[in-house]
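Every heavy atom of this structure was used, including side-chain atoms; hydrogens, water molecules and symmetry mates were not. Numbering of residues begins at 1 and proceeds along the displayed sequence.
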Amino acid sequence: MGDQEKQTADVMVNRPIAYGTAMPDGSAWPRISIVTPNYNYAHYVGDTLYSVISQGYPNLEYIVIDDGSTDGSYEEILKCKPWLAHCERQGNMGQARTLNKGFAMSSGEIMAWLNSDDKYLPWTFGVVAEIFRRFPEIEWITGIPTSWDCIGRNVGVYQHIRKNIYSFCLDRYGWIQQESVFWRRSLWEKAGGHIDETFKFQIDCELWTRFFMHAKLWHVDCCLGGYRSHAGTRSNRNIEDTHQEALKAVRALRAKCDQRVLGDVRILRMISKLKALNKVFNVESLVRRLLPGLSDRVAYPRIVWAGENARWQKENMPFNLIE
């Protein structure tokens with residue numbers, strides 16, 4: 001067996017390649033639970049599963065549920081069964097119920113889901129584990145939004161997309177990339193421990209609104225996962241329904257927010273109307289000088305790699321006052 005074939009074999013038996021038996025600080029790698037629901041994505045699901053198991057993460061719990069596919073998807077999933085914590089085929093229940101079923105089986109300290117046409121990056125789990133271990137106060141994170149084309153090429157990286165509770169309350173909800181979001185089980189439980197099955201297209205957006213009630217979203221300066229853009233995606237086929245569900249979730253969020261947040265939202269809404277004046281002077285710079293407390297409260301929390309110190313560190317990014 002040549003070196004390349006041996007390396008490929010090492011990946012597919014899920015042996016750690018870039019991980020030691022313990023984290024750099026000597027502690028155990030936290031368990032990461034990933035759920036993948038699948039429905040008729042035979043062309044993509046193998047690529048999705050490979051992006052997860054080929055990372056060789058030492059403490060992965062990967063649960064894959066086929067939701068009554070009729071296109072040979074389950075046969076593709078079974079090829080990876082030795083590396084899965086659980087896989088099964090069920091009658092069609094829909095994405096939300098399938099995710100609830102999968103998460104109910106999971107036990108990981110860190111949680112996420114990956115749809116069966118999307119993919120993670122090769123380093124994703126290592127970065128996620130390091131950040132959650134280094135910053136115990138951080139409860140959920142998202143990476144730089146990334147997109148794949150229909151044959152799996154990385155064709156877009158969108159560093160300018162940042163969101164927080166204020167963005168959502170201003171109806172700037174589009175979008176926190178679900179494929180790049182990871183959270184602690186403790187946050188999942190505080191937010192109700194379930195996916196809302198009354199939503200069909202924006203189950204992720206609705207979940208984020210509940211997360212925002214308990215914790216800030218931290219933006220990691222790293223690509224973690226990507227959305228595969230193709231004609232068959234449900235959101236592309238139902239774009240108006242997708243936005244209507246997002247607006248429904250945002251309205252529910254505003255109804256639950258405390259008055260301090262809503263007061264800041266009113267100020268931000270007024271500032272956003274000064275867009276025309278931005279051509280004359282820098283409105284954002286003026287607001288930050290005059291209202292430093294507001295600027296601090298609405299800033300986007302960020303995690304960046306400090307190469308000179310070889311570690312992740314926290315900082316804030318200014319809120320997009322004029323959008």
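Not counting sequence neighbours, the partners of Y173 by the ring pair (Phe, Tyr, Trp, His ring centres under 6.0 Å) test are W175, H243. Residues meeting the ring pair (Phe, Tyr, Trp, His ring centres under 6.0 Å) test with F103, sequence neighbours left out: W183, W188. Residues passing the ring pair (Phe, Tyr, Trp, His ring centres under 6.0 Å) test with F212 are W140, F168, sequence neighbours excluded.
Between K101 and T98 the shortest side-chain heavy-atom distance does not fall below 4.5 Å. Side-chain contact between R302 and V304 is present, with heavy atoms from C-beta onward closer than 4.5 Å. Side-chain contact between E76 and L78 is absent, with no heavy atoms from C-beta onward closer than 4.5 Å. A heavy-atom distance below 4.5 Å is found between the side chains of C222 and L224. C169 has its side chain within reach of C257: a pair of non-hydrogen atoms, C-beta onward, lies under 4.5 Å apart. Proximity of L207 to W113: side-chain heavy atoms (C-beta onward) are separated by under 4.5 Å at one or more points. With a 4.5 Å cut-off on side-chain heavy atoms, K248 and Q244 do not count as touching. Taking 4.5 Å as the limit, every side-chain heavy atom of P301 sits out of range of all side-chain heavy atoms of L217.
In this structure, CZ on F182 lies 8.5 Å from CD1 on I110, to the nearest 0.5 angstrom. The structure places CZ of R210 at 6.5 Å from CD1 of I195, a figure rounded to the nearest 0.5 Å. One finds the OH atom of Y120 at 7.5 Å from the OG atom of S51 (value rounded to the nearest 0.5 Å). Rounding to the nearest 0.5 Å places OG of S229 at 8.5 Å from CG of D149. Atoms CD1 and CZ, on I131 and R311 in that order, are 13.5 Å from each other to the nearest 0.5 Å. Here CG of L286 is found 8.5 Å from CG of L291. Values are rounded to the nearest 0.5 Å.
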Could you give me the CA-CA distance, side-chain angles and deciding distance for R254 and D171, then say whether salt bridge (charged side-chain N to carboxylate O under 4.0 Å, His left out) is met? CA-CA 10 Å; R254 282 197 293 261; D171 293 334; 2.9 Å; yes
Stepwise salt bridge (charged side-chain N to carboxylate O under 4.0 Å, His left out) test for R297 and D264: CA-CA 9 Å; R297 289 194 298 276; D264 286 343; 2.8 Å; yes
Apply salt bridge (charged side-chain N to carboxylate O under 4.0 Å, His left out) to residues D67 and R97 and explain how you reach the verdict. CA-CA 10 Å; D67 192 31; R97 288 182 64 192; over 6 Å; no
Going through the checks in order, is the side-chain contact (heavy atoms from CB on, under 4.5 Å) test met by W208 and V181? CA-CA 10 Å; W208 309 154; V181 176; 3.6 Å; yes
Check the pair Y19 / W29 against ring pair (Phe, Tyr, Trp, His ring centres under 6.0 Å), numbers first and verdict last. CA-CA 9 Å; Y19 302 98; W29 292 97; 5.0 Å; yes
Between E75 and K79, does a salt bridge (charged side-chain N to carboxylate O under 4.0 Å, His left out) hold up when you go through it step by step? CA-CA 7 Å; E75 287 69 26; K79 294 176 183 178; over 6 Å; no
May I have the step-by-step check of side-chain contact (heavy atoms from CB on, under 4.5 Å) for S33 and I63, ending in yes or no? CA-CA 8 Å; S33 294; I63 297 166; 5.7 Å; no
Might you work through the side-chain contact (heavy atoms from CB on, under 4.5 Å) test for Q177 and I161, ending with a clear yes or no? CA-CA 9 Å; Q177 188 175 69; I161 299 177; over 6 Å; no
For a side-chain contact (heavy atoms from CB on, under 4.5 Å) check, start with the C-alpha distance between F319 and S167, then their side-chain angles and the critical distance, and finish with the verdict. CA-CA 9 Å; F319 186 82; S167 306; 3.6 Å; yes
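The same ILVMFWY cluster, assembled from side-chain heavy atoms under 4.5 Å apart, contains both L294 and L274. By the rule that hydrophobic residues join a cluster once side-chain heavy atoms approach within less than 4.5 Å of another member, L170 and M317 end up as members of one cluster. Note: the hydrophobic cluster containing W83 also contains I32 (ILVMFWY, side chain heavy atoms under 4.5 Å, direct or indirect links). Taken together through direct or relayed side-chain contacts under 4.5 Å among Ile, Leu, Val, Met, Phe, Trp and Tyr, Y39 and L99 form parts of separate hydrophobic clusters. Hydrophobic clustering, with ILVMFWY side chains joined whenever heavy atoms are under 4.5 angstrom apart, keeps I144 apart from I141.
D118 places a side-chain N or O within donor-acceptor distance of the main-chain N or O of R228, the cut-off being under 3.5 Å. T209 places no side-chain N or O within 3.5 Å of a backbone atom of L253 that could act as its donor or acceptor partner. D258 places a side-chain N or O within 3.5 Å of a backbone atom of R260 that can act as its donor or acceptor partner. Judged purely by atom type and a 3.5 angstrom limit, R172 uses its side chain to pair as donor or acceptor with the backbone of N320. Although no hydrogens or angles enter the test, the distance criterion places no donor-acceptor pair under 3.5 Å between the side chain of Q313 and the main chain of I303. A donor-acceptor pair is defined here as one N or O able to donate and one able to accept, closer than 3.5 Å; such a pair exists between the side chain of D71 and the backbone of A42. Between the side chain of W148 and the backbone N or O of G226 there is at least one donor-acceptor pair closer than 3.5 Å. Remark: side-chain polar atoms of Q55 are paired, donor with acceptor, to backbone N or O of F125 under 3.5 angstrom. Looking only at distances, no side-chain donor or acceptor of S27 sits under 3.5 Å from a matching main-chain atom of M23. No donor-acceptor pair under 3.5 Å is formed between the side chain of R162 and the backbone N or O of H219.
Applying the 6.0 Å contact sphere to CZ of R133 captures more than 12 heavy atoms from other residues, nucleotides or ligands. Dense packing is recorded around NE2 of H194, with more than 12 heavy atoms of other residues, nucleotides or ligands lying under 6.0 Å away. Heavy-atom neighbours of K256 NZ from other residues, nucleotides or ligands within 6.0 Å: above the threshold of 12. For CD of E137, the number of neighbouring non-hydrogen atoms (other residues, nucleotides, ligands) closer than 6.0 Å is greater than 12.
One finds no salt bridge joining R134 and D25 here, because no Lys/Arg side-chain nitrogen approaches an Asp/Glu carboxylate oxygen to under 4.0 Å. With respect to the salt-bridge test (charged N to carboxylate O, under 4.0 angstrom), the residues E61 and R31 qualify. We find that D241 and K200 are not joined by a salt bridge, their nearest charged nitrogen and carboxylate oxygen being 4.0 Å or further apart.
Aromatic ring orientation, Y158 versus H160: perpendicular (interplanar angle above 60°, classes split at 30° and 60°).
A centroid separation of 6.0 Å or more is found between the aromatic rings of H86 and Y62.
Checking R184, R185, K216, K190 one by one against E139, the salt bridge (Lys or Arg N to Asp or Glu O under 4.0 Å) holds for a single residue, K190. The side-chain hydrogen bond (donor to acceptor under 3.5 Å, both in side chains) test with S116 singles out one residue from T36, D66, N38, T48, and that residue is N38.
Using a 3.5 Å distance cut-off with no hydrogens or angles, the side chains of N115 and Q95 do pair a donor with an acceptor.
The shortest non-hydrogen separation linking T146 to G225 is CB-O, 3.5 Å.
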